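Written below as structure tokens is the structure these notes are about.
Just so you know, these numbers come straight off a predicted model, no measurement behind them. Throughout, residue positions are numbered sequentially from 1 according to the sequence presented. Every number for a ligand or one of its atoms is a count from 1 in the order of the listing.
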Amino acid sequence: MPLRLLVLASLALLACSGCGSGGHEAGAVVRVTERDFRISAPRHVRSGDLLLSVRNRGPDAHELIVVREGSRLPLRRDGSTVSEERLEPVIVGTLEPGQPGSSRKLRLHLAPGHYQLFCNMSGHYLGGMHTKLVVG
Ligand SMILES: [Cu+2]
């Protein structure tokens with residue numbers, strides 16, 4: 001194979017390396033693990049189409065909210081949950097509570113910026129269920 005064709009073929013392979021088995025629209029897969037009371041996720045991901053694969057290792061049910069906000073999140077008056085009302089303009093994705101052992105998917109299209117993932121079940125954010133994500 002001429003060198004130029006070989007290079008093109010390699011680029012085509014690279015371009016598809018982010019494709020899931022489900023098809024071209026899936027985007028890069030980002031693995032997220034939730035447990036009492038922690039969220040594990042990559043610190044950096046590339047901007048564009050992403051598919052969050054969220055596993056809950058329990059023992060409690062956990063939800064997941066993604067916000068484009070780099071600084072500390074505002075709390076409600078109850079003092080035990082984050083104010084989703086105040087964050088509404090920057091919420092980019094949510095997953096309803098998932099049972100222990102479950103796995104859920106969340107499709108996102110993220111522009112470059114600073115984001116946070118957190119769980120807003122009562123007390124879980126304060127318990128440590130939040131993590132920062134830089135999209136570049
Ligand atoms: Cu939680």
Side-chain angles (χ1 to χ4, degrees):
M1 192 185 280
L3 181 60
R4 200 149 66 119
L5 276 181
L6 190 62
V7 169
L8 283 176
S10 310
L11 284 177
L13 277 177
L14 280 178
C16 207
S17 64
C19 303
S21 53
H24 290 270
E25 76 287 354
V29 175
V30 178
R31 297 199 183 284
V32 178
T33 303
E34 300 188 294
R35 58 167 60 91
D36 296 26
F37 292 99
R38 195 146 52 90
I39 298 179
S40 307
R43 298 265 171 225
H44 298 88
V45 297
R46 280 189 181 276
S47 60
D49 289 321
L50 300 171
L51 180 67
L52 267 60
S53 175
V54 184
R55 177 163 287 277
N56 181 11
R57 296 199 181 279
D60 277 343
H62 295 295
E63 59 185 15
L64 188 78
I65 300 175
V66 184
V67 289
R68 186 173 182 176
E69 171 59 68
S71 20
R72 200 137 61 99
L73 303 181
L75 292 180
R76 290 186 179 124
R77 285 175 189 277
D78 65 10
S80 67
T81 54
V82 169
S83 173
E84 294 172 41
E85 297 72 22
R86 286 175 60 187
L87 284 171
E88 215 214 306
V90 294
I91 291 178
V92 296
T94 59
L95 281 175
E96 293 301 312
Q99 293 307 306
S102 70
S103 190
R104 298 113 81 210
K105 306 251 187 272
L106 178 62
R107 274 180 208 289
L108 296 173
H109 183 89
L110 297 186
H114 290 257
Y115 295 80
Q116 290 183 65
L117 280 58
F118 67 99
C119 171
N120 208 22
M121 313 278 285
S122 185
H124 291 202
Y125 171 78
L126 291 174
M129 291 200 71
H130 53 90
T131 186
K132 293 188 174 180
L133 178 68
V134 177
V135 178

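- Listed by chain and number, the residues in a salt bridge (Lys or Arg N to Asp or Glu O under 4.0 Å) with E96 amount to none (sequence neighbours excluded).
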Could you give the side-chain donor-acceptor pairs of residues 123-136 under 3.5 Å, partners two or more places apart or in another chain?
residue	atom	partner	partner atom	Å
H124	ND1	H62	ND1	3.1
T131	OG1	R43	NH1	3.4
K132	NZ	G70	O	3.3

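- There is a side-chain donor-acceptor pair under 3.5 Å between T81 and R76.
- Atom CD of E34 sits about 7.5 Å away from atom CG of L95, to the nearest 0.5 Å.
- Only protein atoms were considered; those of element N, O or S under 2.8 Å from the Cu ion (ligand 1) number 4.
- Considering only residues two or more places apart in sequence or on other chains, Q99 meets the side-chain contact (heavy atoms from CB on, under 4.5 Å) condition with A61.
- To the nearest 0.5 angstrom, I39 atom CD1 is 6.0 Å from L117 atom CG.
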